[in-house]
Amino acid sequence: MLAAVQKNATRGDPRSVVKAIDQFCRQKEWAMNVGDEKGCILDSVVTEVNPATVLELGTYCGYSTVRIASLLPSNAKLITLEFNPDYAAIACQVIAWAGLEDKVQLVEGASGDWIPKMKEKFGIETFDLVFLDHWKDRYLPDTKLMEECGLLRKGSILLADNVICPGTPDYLEYIRNSPRYKSQYFKSHLEYTKVEDGLEKSVFLG
Ligand SMILES: O=C(NC/C=C/[C@H]1O[C@@H](Sc2ccncc2)[C@H](O)[C@@H]1O)c1cc([N+](=O)[O-])cc(O)c1O
Ligand SMILES: [Mg+2]
């Protein structure tokens, strides 16, 4: 995938990086990027929220990191957490090829360890937008952890990938029944397939 980006995308042009990855995943080898269809929904939410601070859980190869960072205002900050050092190394190069390294802080480690350190390590008060796309059984515990750490403010947006496939039943049940969130489901398809999947957008009500 990285070779495809370096071969087919233009340095400093995020859209060409996104296009190169989507082409690679459609023509050569499926990969678990959020993809072009759900990616358009992600883009519209990022544009609507126009966030100054963004947290991404699950960088993988940096596809959604590039999509999000390319839409951020100049002073905005995107922190992305990745557990697997091999993925982190690839993502770092993909983000650099897109010319977005100044907007992105890629942190290697587990969300559960880093979420409690966000304030002290990165001077973050609260996140305007959180994109959840990591281990599906971590969505709920990490959401509760963000609440406990005071990282969400009235109006913070959580956007969760794969709420249908592979599915995050405990997270959906919690977020849709909690009086502290207002949720909306964006029906779509699993990246590069015809299988149903979707994004759940939830506003924290404080
Ligand atoms: O499993 C999926 N995603 C898990 C993603 C996990 C990513 O996040 C970290 S884990 C971590 C842990 C803690 N903190 C940070 C990162 C992994 O190293 C990986 O980079 C998935 C699967 C399918 N699918 O069709 O099977 C489709 C998708 O869109 C998916 O996102
Ligand atoms: Mg996903």
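For ligands, and for the atoms within them, numbers begin at 1 and follow the listed sequence.
The protein atom (non-hydrogen) at minimum distance from atom 15 (C) of ligand 1 is Leu81 O, 3.6 Å.
Residue Asp161 has at least one nitrogen or oxygen atom sitting less than 3.5 Å from a nitrogen or oxygen atom of ligand 1, judged on distance alone.
Within the structure, the closest approach of Ala110 to ligand 1 falls below 4.0 Å when heavy atoms are considered. Within the structure, ligand 1 lacks Leu57 among the residues with a heavy atom less than 4.0 angstrom away. Not a single heavy atom of Tyr192 sits less than 4.0 Å from an atom of ligand 1.
Interface atoms of ligand 1 facing Glu191, defined by a heavy-atom separation under 4.0 Å, are 27 (C), 28 (C), 29 (O). Residue-ligand proximity, Tyr87 to ligand 1, at heavy-atom distances under 4.0 Å covers atoms 18 (O), 19 (C), 20 (O). Near Gly58, with a cut-off below 4.0 Å to any heavy atom, the atoms of ligand 1 are 8 (O). Of all atoms in ligand 1, numbered sequentially from 1 with element shown, those under 4.0 Å from a heavy atom of Leu190 are 25 (O), 27 (C).
Ring pair Tyr60/Tyr87 is perpendicular by interplanar angle, where above 60° counts as perpendicular and below 30° as parallel.
Contact annotation: Asn162 places an N, O or S atom under 2.8 Å from the Mg ion (ligand 2). Between the Mg ion (ligand 2) and Glu191 there is no N/O/S contact shorter than 2.8 Å.
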